[in-house]
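So that the names make sense, note that chain A is the first sequence line, chain B the second, and so on, each numbered from 1.
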Number of protein chains: 2
Amino acid sequence: MTNFEEKTVHTKPIFEGKVINMQVDDVTLPNGKTSKREIVKHPGAVAIIPVTKDNKIIFVKQYRKPLEKTLVEIPAGKLEQGEAPEVTALRELEEETGYTTSQLTYVTSFYTSPGFADEIMYLYKTSSLEKVEQPKAMDEDEFVELMELSLEEAEKLVAEQEIHDAKTAYAILYLKHKGLK
Amino acid sequence: MTNFEEKTVHTKPIFEGKVINMQVDDVTLPNGKTSKREIVKHPGAVAIIPVTKDNKIIFVKQYRKPLEKTLVEIPAGKLEQGEAPEVTALRELEEETGYTTSQLTYVTSFYTSPGFADEIMYLYKTSSLEKVEQPKAMDEDEFVELMELSLEEAEKLVAEQEIHDAKTAYAILYLKHKGLK
């Protein structure tokens, strides 16, 4: 396999935030020339497909400031530093839906935007939900509304572009392919 | 539907690059409190699923600096300013694979990272490829290697995490569901 590795000559830090950091790397290309790479550093994230006893999928409706619109998504959240993805998944499930589970199934993982960001998304599924009496609270700047939808209803929202993000589109296609249980 | 809109109080530009811009918005939350949103602005992108006459899918192998690793992906690229996604799709298909098509099918679109970026990805498919004699050249800082794989071979690379990005994982699941033609 050809080696297309780009060697870092210099890293210029641009921004350090609470969600992302940004940097510009000067790199040496395979042909010896140099170029710049604009890179977003992200801690990684999890998303969970929660399926109820009645074969409904639990979604969260949430305002997404980068898009200036409200999207319907499966529950998701960022990894805390050093946190195992399974732990994040259970925390976000409880905070956003009020459920927990002892049967979390790993589905897959993928990079969301490999051209400019290092964010990795770990995807889980559970069809064994247990209500939590006093669920943990969400972050104080998070506002979500829950929706329980059948697979058919979810597909309708895809067509209407209310479901319009990669992880949720993947999740719906996955359920169509593998079934809800 | 509850309105969770976050009103922008102030926008602080952080970075203007050739691929992305970055800004931090001060916002008013639905409860009247304020918060900061770290936002990456991206021009949007397209990806194409090219299927050959022999039922192979054409992939590109490419070094992704943000991940410091080589990924196998379906052909993709950024929108130029004001460019229709179909035009970008045909350009990237020709530059990266040396093929064009007169039958480009729109599959879907999705936001790749709605938590911190506005990137939208338009996904197309074609199973009607025509060789271009003298294809347009790629950007001078792009280096890719082509691979033609059956759907089964592609699924193996997903399991081995050489195929490890959202658009390509979605594409493979889509082909499994809908068939190659």
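When side chains are defined from C-beta on, A:Met22 counts as touching B:Ile20, because their heavy atoms get closer than 4.5 Å. A heavy-atom distance below 4.5 Å is not found between the side chains of A:Lys33 and B:Asp141. Looking at heavy atoms from C-beta onward, B:Ile120 lies in side-chain contact with A:His164 at the 4.5 angstrom threshold. Residues A:Pro66 and B:Glu119 have side chains not in contact (no heavy-atom distance under 4.5 Å, counting atoms from C-beta outward). Proximity of B:Pro114 to A:Lys69: side-chain heavy atoms (C-beta onward) are nowhere separated by under 4.5 Å. A:Phe110 places none of its side-chain heavy atoms less than 4.5 Å from the side chain of B:Ile163.
If you measure heavy-atom distances from A:Val144 to chain B, the contacts under 4.5 Å come from the backbone alone. Heavy atoms of B:Asn31 lying under 4.5 Å from chain A belong to its backbone as well as its side chain. Heavy atoms closer than 4.5 Å to chain B are found in both the backbone and the side chain of A:Thr112. At a 4.5 Å heavy-atom cutoff, A:Gln23 makes no contact with chain B through either its backbone or its side chain. For a residue to count as touching a neighbouring chain, one of its non-hydrogen atoms must lie under 4.5 Å from one of that chain's; by this rule A:Thr34 does not touch chain B. With a 4.5 Å cut-off on non-hydrogen atoms, A:Lys178 does not touch chain B at all. Residue contact with chain B, scored on non-hydrogen atoms closer than 4.5 Å, involves the backbone and the side chain of A:Leu173 alike.
Annotation: the span from B:Glu6 atom CD to A:Thr70 atom OG1 amounts to 9.0 Å, rounded to 0.5 Å. Taking NZ of B:Lys176 as the reference point, atom OH of A:Tyr174 lies at 11.5 Å (rounded to 0.5 Å). Distance check, rounded to the nearest 0.5 Å: OG of B:Ser109 to CD of A:Gln161 gives 4.5 Å. Put simply, OH on A:Tyr111 and NZ on B:Lys167 are 12.5 Å apart, with the number rounded to the nearest 0.5 Å. Between A:Tyr63 atom OH and B:Arg37 atom CZ the span is 10.0 Å, to the nearest 0.5 Å.
Counting non-hydrogen atoms of neighbouring residues, nucleotides and ligands closer than 6.0 angstrom, the CD atom of A:Glu16 reaches no more than 12 such neighbours. Within 6.0 Å of NZ on A:Lys53 lie no more than 12 heavy atoms contributed by other residues, nucleotides or ligands. No more than 12 heavy atoms of other residues, nucleotides or ligands lie within 6.0 Å of NZ in A:Lys12, so this atom counts as exposed by the packing criterion. Summarising the local packing, NZ of B:Lys131 is surrounded by more than 12 heavy atoms from other residues, nucleotides or ligands at distances under 6.0 Å.
Note: the hydrophobic cluster containing B:Leu93 does not contain B:Leu149 (ILVMFWY, side chain heavy atoms under 4.5 Å, direct or indirect links). Linking Ile, Leu, Val, Met, Phe, Trp and Tyr whenever their side-chain heavy atoms come within less than 4.5 Å leaves B:Leu71 and B:Met147 in two separate clusters. At a threshold of 4.5 Å between side-chain heavy atoms, the hydrophobic network of Ile, Leu, Val, Met, Phe, Trp and Tyr places A:Leu175 and B:Val107 in one connected group. Residues A:Leu180 and A:Leu123 share a single hydrophobic cluster, defined by chaining ILVMFWY side chains whose heavy atoms lie under 4.5 Å apart. Residues A:Ile48 and A:Tyr122 share a single hydrophobic cluster, defined by chaining ILVMFWY side chains whose heavy atoms lie under 4.5 Å apart.
In terms of heavy-atom pairs under 4.5 Å with chain B, the best-connected choice from A:Thr8, A:Thr168, A:Thr108, A:Asp25 is A:Thr8.
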Check: residues 132-140 of chain A side-chain donor-acceptor pairs under 3.5 Å, at least two apart:
none

Under 3.5 Å, which donor-acceptor pairs do the side chains of residues 75-92 of chain A form with other protein atoms, sequence neighbours left out?
residue	atom	partner	partner atom	Å
A:Glu83	OE1	A:Glu80	N	2.9
A:Glu83	OE1	A:Thr88	OG1	2.7
A:Glu83	OE1	A:Arg91	NH2	2.5
A:Glu83	OE2	A:Arg91	NE	3.2
A:Glu83	OE2	A:Arg91	NH2	3.0
A:Glu86	OE2	A:Tyr124	OH	3.2
A:Thr88	OG1	A:Ala84	O	3.3

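Between B:Glu38 and A:Val19, the shortest heavy-atom distance links the atoms OE1-N, 2.9 Å. The nearest pair of heavy atoms linking A:Leu67 to B:Asp118 is CD2-CA, 3.6 Å.
Ring planes of B:Phe143 and A:Phe4: tilted class, angle from 30 to 60°.
Counting only distance, with no hydrogens or angles, the side chain of B:Lys65 and the backbone of A:Ile39 share no donor-acceptor pair below 3.5 Å.
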Applying side-chain contact (heavy atoms from CB on, under 4.5 Å), run through A:Ser113 and B:Arg64 and close with a yes or a no.
-> CA-CA 10 Å; A:Ser113 300; B:Arg64 291 304 202 170; over 6 Å; no
